[in-house]
Structures are given as C-alpha cells and as structure tokens.
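Residue numbers start at 1 and run along the sequence shown. What's counted below: heavy atoms across the whole structure, side chains too, no hydrogens, waters or symmetry copies.
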Amino acid sequence: MVLARVRESTRGFADAAMFELAERGHASLFEQLVGCILSIRTRDEVTLPVALRLLAQARTPEAMRQLRPERIGALIRPVTFPEPKAGTIHAIATRTVEEFGGELPCDAQVLQSFKGVGPKCAHLALGIACGQARISVDIHVHRVTNRWGYVRAGTPEQTLAALEAVLPRAHWVELNRLLVPFGKHVCTGTQPKCSTCPVLSMCRQVGVRNPR
C-alpha cells in the first residue's frame, strides 16, 4: 500500500536518471554502469544530458576505449569529479574489451571489481539492464526508508542489508525508481512535506525536524 501511494504521488515528476536513460534506448549493462558512475554526487538534471552526450559519442566498450580519457573528461565536464570519472569509465571499457570480449557479464562481483563501482551502481545497472532483483540504495532510499521506520540502519550499506531482509523481491528494482523522485520532491532532506505526504499515516517520521 505504501509503494502504491508513492507510485501515484510521483507520476508527475521526472523519472530517476538511470531509468530515463534506459527509456531513451541506453539500456545495456555498460551504458547503465557508465550512467551511474556519472551520477555519483551529481544531480539527475545534470547526469542525464551528460550521459546522453557521452553515449552519443561512444555507447559500446570498444568505442569508449577508443576515446582518450581526456576526451571523455571534456564530454562529461558538468558532472562532479570529471577527471577521475573519465579515468574510471575508460578503464572499465578497456578491461571489458580485453577480459570479457567487449560485453560486460551480468555479475555483481565483476562489476564491483572495477575501481569506483560500489553496490549502488552495480545493483542499479544489474536491475535495469539484466532484470535481476537488486536493491540500489542511494541517499534518498536510505533516508526515506529509515524515516518511515521501515528499517533502522546507520549507513546505506546497512540499509541495503536491512531492506533485503524485509522487502518483497518484486519491489527491489522499483524501490529506487520510486524513492528518488519521492525523496527529491516530497520526503526531502530538510523540511519534508509531511502535511501533504500520501503515506504520512504510515510513517514514523524518524528524525524529522521542521516538517512542512
């Protein structure tokens, strides 16, 4: 019931960037992983157009490998930490070609073996591109589910483990898709819009200060 209400309340908001990227035809595992790397500490409003610009130039590991890291860095300049991210993306493309024949396997351990790729990006990419039941916990998923009192965890990693223990698998991928816009527009970090929240009656408002 909670997610159904959240789903209805977020219909008018922009989709989370990686899901929108997939809707625009960039649904391969490599493209999703690249997009998620770009999104780290970067707003969706910046991530999506930057990802589209980069992938218009190189959407396969082989094509990305042909670009120099400096060129990748220039293409992704608006995101945070463009130089390190450019190096990470180029290294992933190169290793994908050399070790995996140009196609990333749908394997969480392989993805997390790349420098700069943690559970959040690995799980999000695998959920969208490979159809695997994976929970991706970003700051919004972490904040909202703990604020509800659905889980009690101090870090995103702990929230991931807690959610895996209690959330039905059918909702694992959708959770990120729903709670990113919900966390950005309703259950915000400061002054959440509790007075108009569709799930207020089911929320424990853990740690809420100065709600609107």
Side-chain angles (χ1 to χ4, degrees), residues 1-27 32 35-36 38-52 79 119-212:
M1 181 179 291
V2 170
L3 292 184
R5 293 186 182 186
V6 171
R7 191 180 300 115
E8 183 62 32
S9 72
T10 57
R11 289 189 187 278
F13 301 132
D15 210 350
M18 295 306 97
F19 293 91
E20 178 65 22
L21 193 64
E23 290 291 330
R24 297 196 184 200
H26 299 285
Q32 284 292 308
C36 194
L38 295 175
S39 77
I40 297 171
R41 296 190 183 181
T42 302
R43 292 180 295 110
D44 279 3
E45 295 82 358
V46 175
T47 297
L48 184 60
V50 170
L52 291 170
V79 304
K120 184 193 85 167
C121 281
H123 286 196
L124 189 58
L126 290 168
I128 296 173
C130 300
Q132 294 185 5
R134 301 276 182 173
I135 299 175
S136 178
V137 178
D138 69 349
I139 187 61
H140 300 292
V141 175
H142 174 61
R143 180 181 68 247
V144 173
T145 56
N146 278 276
R147 184 176 281 169
W148 284 345
Y150 187 62
V151 296
R152 293 184 179 181
T155 68
E157 292 76 18
Q158 292 169 348
T159 292
L160 171 60
L163 287 170
E164 287 178 337
V166 297
L167 183 68
R169 291 174 70 89
H171 302 301
W172 282 17
V173 176
E174 185 187 30
L175 189 70
N176 185 275
R177 185 172 202 158
L178 293 177
L179 295 194
V180 169
F182 186 74
K184 288 171 61 177
H185 300 286
V186 181
C187 195
T188 53
T190 59
Q191 295 187 309
K193 299 177 181 178
C194 296
S195 62
T196 57
C197 178
V199 298
L200 178 61
S201 63
M202 294 172 277
C203 176
R204 295 180 182 176
Q205 294 179 284
V206 177
V208 171
R209 301 288 184 271
N210 303 315
R212 284 178 282 176

Write down the atom of Val2, the atom of Val199, and the distance for their closest heavy-atom approach.
O-CG1, 3.7 Å
Taking salt bridge (charged side-chain N to carboxylate O under 4.0 Å, His left out) as the definition, give me every residue that meets it alongside Arg177, ordered by chain and number, with sequence neighbours left out.
Asp15, Glu23
Residue of the set Asn146, Thr145, Asp138 for which side-chain hydrogen bond (donor to acceptor under 3.5 Å, both in side chains) holds with Thr159
Asn146
Residues Gly35 and Leu21: closest non-hydrogen pair is CA-CD2, 4.2 Å
Taking the side chain as every heavy atom from C-beta outward, state whether Ile135 and His171 have any pair of such atoms under 4.5 Å apart.
no
Report yes if the side chains of Val186 and Pro192 come closer than 4.5 Å at any heavy-atom pair, otherwise no.
no
So which heavy atom on Leu163 is nearest to which on Leu175, and how close?
CD1-CD2, 3.8 Å
Nearest 0.5 Å please: distance from the CD atom of Glu20 over to the CG atom of Leu52.
8.0 Å
Within the distance-only criterion (no hydrogens, no angle test), does the side chain of Thr155 pair as donor or acceptor with the backbone N or O of Gln158 below 3.5 angstrom?
yes
Pairwise side-chain contact, Leu167 with Tyr150, heavy-atom cut-off 4.5 Å (strictly under)
yes
Determine whether Ile40 and Cys121 make a side-chain contact, defined as any pair of heavy atoms from C-beta on separated by less than 4.5 Å.
yes
For side-chain contact (heavy atoms from CB on, under 4.5 Å), just list the numbers for Gln205 and Cys194, CA-CA rounded to whole Å, side-chain angles, deciding distance to a tenth of an Å, and then say yes or no.
CA-CA 9 Å; Gln205 294 179 284; Cys194 296; 3.4 Å; yes
Please find the pair of heavy atoms, one from Ala27 and one from Ala129, that lie closest to each other, and give the distance.
O-CB, 3.2 Å
Assess the residue pair Arg134 and Leu124 against the criterion (side-chain contact (heavy atoms from CB on, under 4.5 Å)); give the C-alpha distance rounded to whole Å, side-chain angles, the decisive distance to 0.1 Å, and a yes or no.
CA-CA 7 Å; Arg134 301 276 182 173; Leu124 189 58; over 6 Å; no
With sequence neighbours left out, write down each residue that passes side-chain contact (heavy atoms from CB on, under 4.5 Å) with Arg152, or none if nothing qualifies.
Arg204
Do Cys36 and Lys120 come close enough that some side-chain heavy atom pair is under 4.5 Å?
yes
State whether the side chain of His140 and the backbone N or O of Leu179 hold a donor-acceptor pair below 3.5 Å, judged by distance alone.
no
Does Trp172 reach the side chain of His123, with side-chain heavy atoms less than 4.5 Å apart?
no
Arg41 side, atom CZ; Ile139 side, atom CD1 - distance, nearest 0.5 Å:
10.5 Å
Do you know the tightest heavy-atom contact between Arg5 and Ser201?
NH1-OG, 3.7 Å
Got a salt bridge between Glu174 and Arg7, using NZ or NE/NH1/NH2 to carboxylate O under 4.0 Å?
yes
Main-chain N/O of Cys187 paired with Lys193 side-chain donor or acceptor, under 3.5 Å
no
So, does Arg143 use its side chain to make a donor-acceptor pair with the main chain of Gly183 at under 3.5 Å?
yes
Only counting residues at least two apart or in another chain, list the ones meeting side-chain contact (heavy atoms from CB on, under 4.5 Å) with Arg209.
none
Counting C-beta onward and ignoring hydrogens, is there a side-chain heavy-atom pair between Trp148 and Val206 closer than 4.5 Å?
no
Applying the side chain to side chain contact (heavy atoms under 4.5 Å, CB included) test to Phe182, which of Val141, Thr10, Thr188, Leu3 qualifies?
Thr10
Gln32 side chain to Met18 backbone, donor-acceptor under 3.5 Å
yes
Which heavy-atom pair separates Val173 from Gly127 by the least distance, and what is that distance?
CG2-CA, 3.9 Å
Distance in Å, Cys197 SG paired with Arg147 CZ, rounded so as to fall on 0.5 Å steps
9.5 Å
How many angstroms lie between atom CZ of Arg43 and atom CG of Leu48, to the nearest 0.5 angstrom?
12.5 Å
Verify side-chain contact (heavy atoms from CB on, under 4.5 Å) between Ile128 and Phe19, making sure each step is shown before the conclusion.
CA-CA 7 Å; Ile128 296 173; Phe19 293 91; 3.7 Å; yes
Go through the steps to decide whether Lys184 and Asp44 satisfy the test side-chain contact (heavy atoms from CB on, under 4.5 Å), and finish with yes or no.
CA-CA 10 Å; Lys184 288 171 61 177; Asp44 279 3; 3.8 Å; yes
